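Bear in mind the structure is a predicted one, so any value in this text is a computation, not a measurement. All chains are named by letter (A, B, ...) in the order of the sequence lines, taking the proteins before the strands, and each is independently numbered beginning at 1.
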Amino acid sequence: MSVDSAPAASPADPAPAEAGKDFIRDIIQGDLDAGVHQSVVTRFPPEPNGYLHIGHAKSICLNFGVAQEFGGRCHLRFDDTNPAKEAQEYIDAIERDVRWLGFDWGTHLHHASDYFEQLYAWAEHLIGAGKAYIDDQSADDMRASRGTLTEPGKNSPFRDRSVDENLDLFRRMRKGEFANGTRVLRAKIDMTSGNINLRDPVLYRIIHTPHPRTGTAWCIYPNYDFAHGQSDAIEHITHSICTLEFEDHKPLYEWFLENLPVPSKPKQYEFARLNISYTILSKRHLTQFVREGHVTGWDDPRMPTIAGIRRRGVPAAALRDFIKRVGVARANSVVDAAMFDACVRELLNKTAARYMAVLRPLKVVIENYPEGQVEDLDAVNNPEDPSAGSRKVPFSRELYVEQDDFMETPPKKFFRLSPGKEVRLRYAYFITCREAVKDAAGNVIELRCTYDPASRGGNSPDGRKVQATLHWVSAGHAIPSEVRIYNPLFTRPDPGADGDVVADINPQSLEIIADAKLEPALSAARIGEAVQFERLGYFTKDAESTDAHAVFNRTVGLRDSYAKAK
RNA sequence: UGGGGGAUCGUCCAACGGUAGGACAACGGACUCUGACUCCGUGAAUCUAGGUUCGAAUCCUAGUCCCCCAGCCA
């Protein structure tokens, strides 16, 4: 299912270290200036339970970005503490995506599972200090005694077990003597705390499921709270940057650092996660879309995953630019999806080679053009980049133009082809429409036109002007191709606001054009290479293409002030 | 009605007691062999009410609204 152009081991397009400015960078600069740290060490800590999305890209750019800017380092650490949800496929995809984004963790690829033995020892340390106990309550009973947002919790009847009993039970948990869900290790903190995370949080649970890395070595696993801060401490992370919802966990994070003989004391900082209009960035929902087949996979170009964005043809640099423009703050916000498109267009305008392609072909016959004659006309590859040079485009008597570029009875502001109207065919000739040929149903199926031989190359020696320049493809030379047009996956800017995300999925999110016509030079396009189809948008050849059947994805359309005016 | 956070143009982010600025979006114009690009221009904001101060988006007080937390997920 998953077609992916796998990047090389190190980033093909490394991110440049250009400093942004935000409260996180202010804090780091302050710490460095004050000598709190000699250098900065950050980490990007994904759980390998799904593919990375554009929200993760924000965290990646932040963590790796500050490390780069301040001359420190950033670790890639898999937070693999729950084997029931994690898989090797995700681990591989995450490494690939981080590299593609342009970042390099060097030798610092780590896993929470690397620390299972140490974390276990620390758990026994806590038990020995009387600060953790084995609870035999069921999950339901624990929930009932935890209290609510407004009512304090009640102590577990197992809270005062002896150190020896706790130690014995914990060791037997590790040995696998107990079934899933029968016992947990809890910290002994304060069941009446206003912060629910401090009401004797669970530290270890029994999960008899093989782990992608440690196999069956363990059947008890630390949870996030017991693993994260300690892993940070082991790696000497200086600034542990996470999203706002972990703010309530900070007191717990610090409680472990204070009560355990950890080698360093990292500090946690939180920022607001990324939200984008017309987009869902929740792993739970993205997983659902894949599982239920609303999309073709994690790398479906409609998905906000890094793999999907890449496959759609967005360059890593455009994604980085977007993240940079969005900024980092603590206020919840929803970024306009148009800002992402703007970043993509801005980069592609400078870099993408231009070609002509007709998506919805309408046959044009140039009546006064000699049958059998073919001319190779010069076309500029990229007007924004003279070094890109030029190419030849074949012109002949029978051509295709876009159906949208003809109207039998045009409204006032329609500049394109209509009966009697003269337009320019880009890089070719002025042509005038003489007749629209229709089928029995009255549909226009062909245009009979004449050309002005003196306008070869696209300019008339008498200096007369035309209002429109159209793209075109020689019928006899055209390469047939499938083109996939992607529209927003959702019909509303705030999908799921009424409670059902799936109900807001856009039934027209994918338009497949089976028989587009491409100019011959496009046969050399490489998979993943960004090109512009003139007047239409930016496209890239999909990895599903075969020699016999090309497939192009639309990355993003061009701005279209005419369409908007209509 | 517990605990924790947050409110600045339509949107996102700046301004760190001293002229509220940038980007995206919108609108108008110029240019154009892409109705693209580019360029020029226009409109557009400090949650409310008090207070401190020569001066407040920034400090204080009281409100209002929004977000997060009751997994043996992360």
side-chain contact (heavy atoms from CB on, under 4.5 Å) against Pro157(A), all qualifying residues, sequence neighbours excluded: Gln137(A)

Determine the interatomic distance between C1' on rG43(B) and the same-named atom on rC65(B); round to the nearest Å. 28 Å

Which part of the nucleic acid, if any, lies within contact of Ala338(A), taking any heavy atom under 4.0 Å across all strands shown: a base, the sugar-phosphate backbone alone, or nothing? sugar-phosphate

Heavy atoms under 4.0 Å, any strand shown: does Gln137(A) hit a base, just sugar-phosphate, or nothing? base

If you look at every strand shown and take non-hydrogen atoms under 4.0 Å, does Asp79(A) touch a base, only sugar-phosphate, or nothing? sugar-phosphate

Can you check the distance between rC27(B) and rC60(B), where both ends of the measurement are the P atom (answer in whole Å)? 42 Å

Distance only, no hydrogens: is a donor on one side chain within 3.5 Å (strictly under) of an acceptor on the other, for Tyr90(A) and Glu47(A)? no

Which is true for His471(A) with a 4.0 Å heavy-atom rule: it touches a base, it touches only sugar-phosphate, or it touches nothing? nothing

What's the gap between rC12(B) and rA70(B) when it is taken at their P atoms, as a whole Å value? 26 Å

Rounding to the closest angstrom, what is the interatomic distance between rC40(B) and rG63(B) at atom P? 50 Å

Please give the distance between the P atoms of rU11(B) and rU48(B) as a whole number of Å. 15 Å

Can you check the distance between rU19(B) and rC37(B), where both ends of the measurement are the C1' atom (answer in whole Å)? 34 Å

In residues 148-159 of chain A, which residues come under 4.0 Å of RNA chain B by heavy atom? Thr148(A), Leu149(A), Thr150(A)

Can you tell me, in whole Å, how much space there is between the P of rG18(B) and that of rU58(B)? 12 Å

Look for any protein N or O under 3.5 Å of an N or O in nucleotides 26-32 of chain B and output each such pair with its distance, or none.
unit_1: rA26(B); atom_1: OP1; unit_2: Lys564(A); atom_2: NZ; d: 2.9
unit_1: rA26(B); atom_1: OP2; unit_2: Arg559(A); atom_2: NH2; d: 3.4

Should Ser193(A) be listed as having a side-chain N or O under 4.0 Å from OP1 or OP2 of rG2(B)? no

Quick note, ring-ring contact (aromatic ring centres under 6.0 Å, His included) partners involving residues 139-158 of chain A, not counting sequence neighbours, are none

Shorter than 3.5 Å, N or O on both sides, protein versus nucleotides 9-16 of chain B: list them out with atom names.
unit_1: rU11(B); atom_1: O3'; unit_2: Val334(A); atom_2: O; d: 3.2
unit_1: rU11(B); atom_1: O2'; unit_2: Val334(A); atom_2: O; d: 3.0
unit_1: rU11(B); atom_1: O2'; unit_2: Asp336(A); atom_2: N; d: 3.4
unit_1: rC12(B); atom_1: OP1; unit_2: Val334(A); atom_2: N; d: 3.1
unit_1: rC12(B); atom_1: O3'; unit_2: Ser333(A); atom_2: OG; d: 3.3
unit_1: rC12(B); atom_1: O2'; unit_2: Val326(A); atom_2: O; d: 2.7
unit_1: rA14(B); atom_1: OP1; unit_2: Val328(A); atom_2: O; d: 3.2
unit_1: rC16(B); atom_1: N4; unit_2: Asp26(A); atom_2: OD2; d: 3.0

Classify the nucleic acid contact of Arg354(A) as base, sugar-phosphate or nothing, counting any heavy atom under 4.0 Å across all strands shown. base

In whole angstrom, give me the gap between the C1' atoms of rA15(B) and rA23(B). 15 Å

Enumerate, in order of first residue number, the stems that involve RNA chain B, defined as 3 or more consecutive Watson-Crick or G-U wobble pairs with both distances under 3.5 Å. B:2-7 with B:64-69, B:10-13 with B:21-24, B:26-30 with B:38-42, B:47-51 with B:59-63

